Novice: 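Take a look at this one; I'll ask things after.
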Amino acid sequence: MQAKQYVEQIQQYLEEKDPNQSEFLQAVEEFLPTIVPFLDEHPEYIEHNILGIIVEPERMIQFRVPWQDDKGNWQVNRGYRVQFNSAIGPYKGGLRFHPSVNMSILKFLGFEQIFKNSLTGLPIGGGKGGSDFDPKGKSDPEIMRFCQSFMTELSKHIGPNLDVPAGDIGVGGREIGYLFGQYKRLREYDAGVLTGKPLGFNGSLGRTEATGYGAVYFVKHLLEDKGDSFQDKKVLVSGSGNVAIYAIEKVQELGGTAVTCSDSNGYVYDKDGIDLDLLKDIKEVRRERLTEYVKERSNAEYFEGSVWDLETAADIALPCATQNEIDKAKAERLAANGVKVVAEGANMPSTMDAVKVYHENGVLYGPGKAANAGGVAVSALEMSQNSQRLSWTKEEVDGKLDDIMKNIYETCRDTAAKYSEKDNYAAGANIAGFAKVADAMIAQGLV
Ligand code: GLU
């Protein structure tokens, strides 16, 4: 069978089987066409029906999470873990706590994670989990009770050689601490069961910064390759979680000016460059909304709505908030405003139409599975340190992260040039990420 026909058949099958899983269908639809040129050269993957197998998670777990709020009322949420692919290592990927979480979102994230983790070059499979629990406005004890209940069930399904969750939206050091404590109470002290742990108990230096720094390193290597740098570049950033905060930090360190950040209500435009100390204080310490930022920084402006509706000339865009934040019109605006590089700190922040706009306008596009792989890469380094019962220095971890991001960029570039079109890093990322996993699956007897 022809590769093109084969991938269309898989897509059609999924659309019939899971018509309501729009985010998962989107992730698969972005992926499949880009690997056609590779499949044309390697019919053995078609003969093994690798795609038909790879789009089915190895295992999906869904459970109830009952917990008591501060008023004494009993609440319930849904908990999930999608164990998507273990061909090259234990399932690895974050937990997301957000009201939008459902099976479609977790399958899209888990699917992306397989290839992202493969691209890091480290031995980690793909998984993702979470809950529709909304941490916003909850007290610390409520978060703790929820995490304990969530882990009471999840603990039966994870382990350092089986499945190693970490953070994602709504899950940071505080939540990982509570989850770890409950795992310990139920099983044993096993540092390698979760990553993104606080530094005091087996966390890795540099993990908090890794996703944001990694995205900026990806762009740094891309720019260097084109004889350019971050110096004096104007950078638009969305989000104000740890990905956005540390992307902004690294941009400023490399001589660029990051002028925006956002939350789910609106965004800040600070033309002199985001004041990082203030942003960190508001988000990491006080856990407040971005409206606070402009109260304390008179030159900055706050607008409701999407940061991608801002009309301003810029050089680089780093979407670091959430899926589908940039649609066709917003991508057209970015291109019209002079943006030359888009690198995704978030997972799938650009719709398929937006990606088309980037390609049509010569905007260099670093897809999430490549550009934001630094987070999970340092999670894998945390696993190594836990196994060794050692802690590496911040410089050591950061140096490895920079090397990994350079390698990912070069792999995307070279694979795109070989099988697809020059500078189509999305195709490069998909093909390179896929090839390693597919070979391992075949070698293991397609299990
Ligand atoms: N949630 C992050 C991601 O999307 C990190 C996962 C991890 O560290 O395991 O890659």
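Remember, it's 1-based here, ligands and their atoms both numbered in the order they're listed. Keep in mind that this is a model prediction, so the values were computed, not measured.
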Novice: Tell me the closest heavy-atom pair linking Gly127 and Gln113, and the distance in Å.
Specialist: O-CG, 3.7 Å
Novice: Please lay out, stage by stage, how Asp263 and Lys136 fare under the test salt bridge (Lys or Arg N to Asp or Glu O under 4.0 Å).
Specialist: CA-CA 12 Å; Asp263 62 21; Lys136 213 179 281 169; over 6 Å; no
Novice: Would you mind writing out a table of all protein N or O atoms found under 3.5 Å from any N or O atom of ligand 1, naming both atoms and giving the distance to 0.1 Å?
Specialist:
residue: ligand 1; atom: 1 (N); partner: Lys128; partner atom: NZ; Å: 3.4
residue: ligand 1; atom: 1 (N); partner: Gly167; partner atom: O; Å: 2.9
residue: ligand 1; atom: 1 (N); partner: Asp168; partner atom: OD1; Å: 2.8
residue: ligand 1; atom: 4 (O); partner: Lys116; partner atom: NZ; Å: 3.0
residue: ligand 1; atom: 4 (O); partner: Lys128; partner atom: NZ; Å: 3.0
residue: ligand 1; atom: 4 (O); partner: Asn347; partner atom: ND2; Å: 3.2
residue: ligand 1; atom: 8 (O); partner: Arg207; partner atom: NH2; Å: 2.9
residue: ligand 1; atom: 8 (O); partner: Ser379; partner atom: OG; Å: 2.5
residue: ligand 1; atom: 9 (O); partner: Lys92; partner atom: NZ; Å: 2.7
residue: ligand 1; atom: 10 (O); partner: Gln113; partner atom: NE2; Å: 3.1
residue: ligand 1; atom: 10 (O); partner: Lys116; partner atom: NZ; Å: 2.8

Novice: Would you say the side chains of Asp163 and Gln83 form a donor-acceptor pair under 3.5 Å?
Specialist: yes
Novice: Could you tell me whether Lys233 and Asp315 have a side-chain N and a carboxylate O separated by less than 4.0 Å?
Specialist: no
Novice: Suppose we screen for salt bridge (charged side-chain N to carboxylate O under 4.0 Å, His left out). Which residues come up paired with Lys400, at least two apart in sequence or across chains?
Specialist: none
Novice: Side chains of Arg185 and Gln182: do they bring a donor and an acceptor to under 3.5 Å?
Specialist: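 Short answer, yes.
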